[in-house]
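Here is the structure we will look at, set down as structure tokens.
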Number of protein chains: 2
Amino acid sequence: MAPQRDKEQTMQRLIDAVGTIICREGFRNIGVNTVAKEADVDKVLIYRYFGGLDGLLKAYAYQKDFWLNVDKLFGQIDSARLADMNYLRELTKQILHGQLTEMRGNKELQEILIWELVERNNLTNQLAADREEKGAGFTRLLTEKLGIAQEVEPLIAIVIAGVTYLALRSRSDSHFNGVNISSVEGWNRIEEGLNKIVDLYFESLAK
Amino acid sequence: MAPQRDKEQTMQRLIDAVGTIICREGFRNIGVNTVAKEADVDKVLIYRYFGGLDGLLKAYAYQKDFWLNVDKLFGQIDSARLADMNYLRELTKQILHGQLTEMRGNKELQEILIWELVERNNLTNQLAADREEKGAGFTRLLTEKLGIAQEVEPLIAIVIAGVTYLALRSRSDSHFNGVNISSVEGWNRIEEGLNKIVDLYFESLAK
DNA sequence: AAAGTATGTCACTATTTGGTGACTACAAAA
DNA sequence: TTTTGTAGTCACCAAATAGTGACATACTTT
């Protein structure tokens, strides 16, 4: 044990333990006993400091940022060029590229997404709502500029959802629909597919 | 209890109980005790008749067909017209339409898919492998005819994965990326999006 | 130095889990 | 009628679960 009498550190150990367990085994094995054991801390402290497991999970989710990092890209947007179709096209590709790398690389995010799929509670509801708000942001921007929201919104939804599901599948499957989702080459092909869709759509606009 | 001395019926009660629980609460609450209680049968019979919960789940999965119903469409394919691009285009749309309605309507399938995402065991591995084999079938057919497998495979993968994830999300979310995935209208927009992608791609081939 | 507060330890309960052995009740074969 | 096999019941076990109350040990304030 750790009789160090450092509340902050103990709390952090618990929060970190949540992340460790989620990364290693997913969220289904998470519980008061498991987390306490992983953190090498008495489980009663979970109740004292966080009011229970829910509070601890909330604290965990608050510390990490589990929505996609679209904010960074938003900051880089050159507003003056938004009227330029070619710029919009490249911007779209960049956003999708960011989504793909984030979804593929962030194992913790993958587990959270699966958690959101499996069970809904206050926490997962909040996470999902935040994600939806952020995620729809770029689409709104794009549709405003293009002025054809009705058409492009579902397209983006399909593509983002597709990348997400492929990433989740890649946790335990090597292939999806013939595409190798466990290799860099496979994911390069997927990204080429995304770019192809973007190109096709923007070319259809140019006509 | 049910002292009816009918082994077959008792086994079926257990299998049905699995389906009931999965539909109602998903797979996470599934266990020997839960299933036995739902079936109103002693849990020891699960061990006697199925060798344990795994065997019961296997029997359950065997009874239902959890891969997508591409077989039906395959049977309808008019081989003679496969050289016709317009026919291929419509066929692709039909396949996607079938996938969408199946994914959206079959709640049991949704739960199985989530189960495959969450935990892997002999059963879920088998289910996933079957699905991959069947799912990749149409893509193979299409790519053979088009002769550009490298390009079209990832496109289909993205789109199928997208529809799947949207369906899974619709279990607990009302919107995804601004699209209403809890209404028929929203799903019509998604289907229009799918058709749009197909059209764009085939038009690009025609050039 | 004494008192009080807060951190961490331990022991305990009650419930649920997967799993097993011993039993009864029935039905068909001998 | 007796024997034998099997469908179903019941009682139990060990382990793990969430949660609580009592205690000791430290640190801080007075």
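Every chain is numbered from 1, with letters handed out A, B, ... down the list of sequences.
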Which pairs of donor and acceptor atoms, one on a side chain in residues 48-57 of chain A, lie under 3.5 Å apart (sequence neighbours left out)?
none

In whole angstroms, the gap separating C1' of dA7(D) from CE of Met11(B) amounts to 13 Å

Is any NZ, NE, NH1 or NH2 atom of the basic residue among Arg169(B) and Glu116(A) found under 4.0 Å from an Asp or Glu carboxylate oxygen of the other?
yes

In whole angstroms, how far is the C1' atom of dC10(C) from the CG atom of Leu45(A)?
12 Å

What's the NZ-P distance between Lys7(A) and dT5(C), to the nearest Å?
15 Å

Phosphate-side-chain proximity, Tyr49(B) and dT6(D), N/O vs OP1/OP2 below 4.0 Å
no

Taking Glu38(A) as the fixed residue, which of Arg13(A), Arg24(A), Lys43(A) is the one that meets the salt bridge (charged side-chain N to carboxylate O under 4.0 Å, His left out) rule?
Arg24(A)

How long is the line joining CZ of Phe50(B) and P of dG18(C), in whole Å?
16 Å

Hey, does Arg171(A) have a side-chain heavy atom less than 4.5 Å from the side chain of Glu111(A)?
yes

Just how far, in rounded Å, is P of dT6(D) from CD of Glu8(B)?
14 Å

Can you tell me the distance, in whole Å, between the CD1 atom of Ile21(B) and the P atom of dT17(C)?
11 Å

Could you tell me whether the side chain of Leu113(A) reaches within less than 4.5 Å of the side chain of Arg131(A), counting heavy atoms only?
yes

What is the separation between atom CD1 on Ile46(A) and atom P on dT7(C), rounded to the nearest whole Å?
15 Å

Letter per nucleotide, 5' to 3', of nucleotides 20-30 of chain C [B base touched, S only sugar-phosphate touched, - untouched; heavy atoms, 4.0 Å]
BB---BB----

Between Glu108(B) and Tyr60(B), do the side chains contain a donor N or O and an acceptor N or O under 3.5 Å apart?
yes

What is the distance, rounded to the nearest whole Å, between atom CG of Asn33(B) and atom P of dG19(C)?
10 Å

Is the shortest side-chain N/O distance from Thr10(B) to OP1 or OP2 of dA7(D) below 4.0 Å?
no

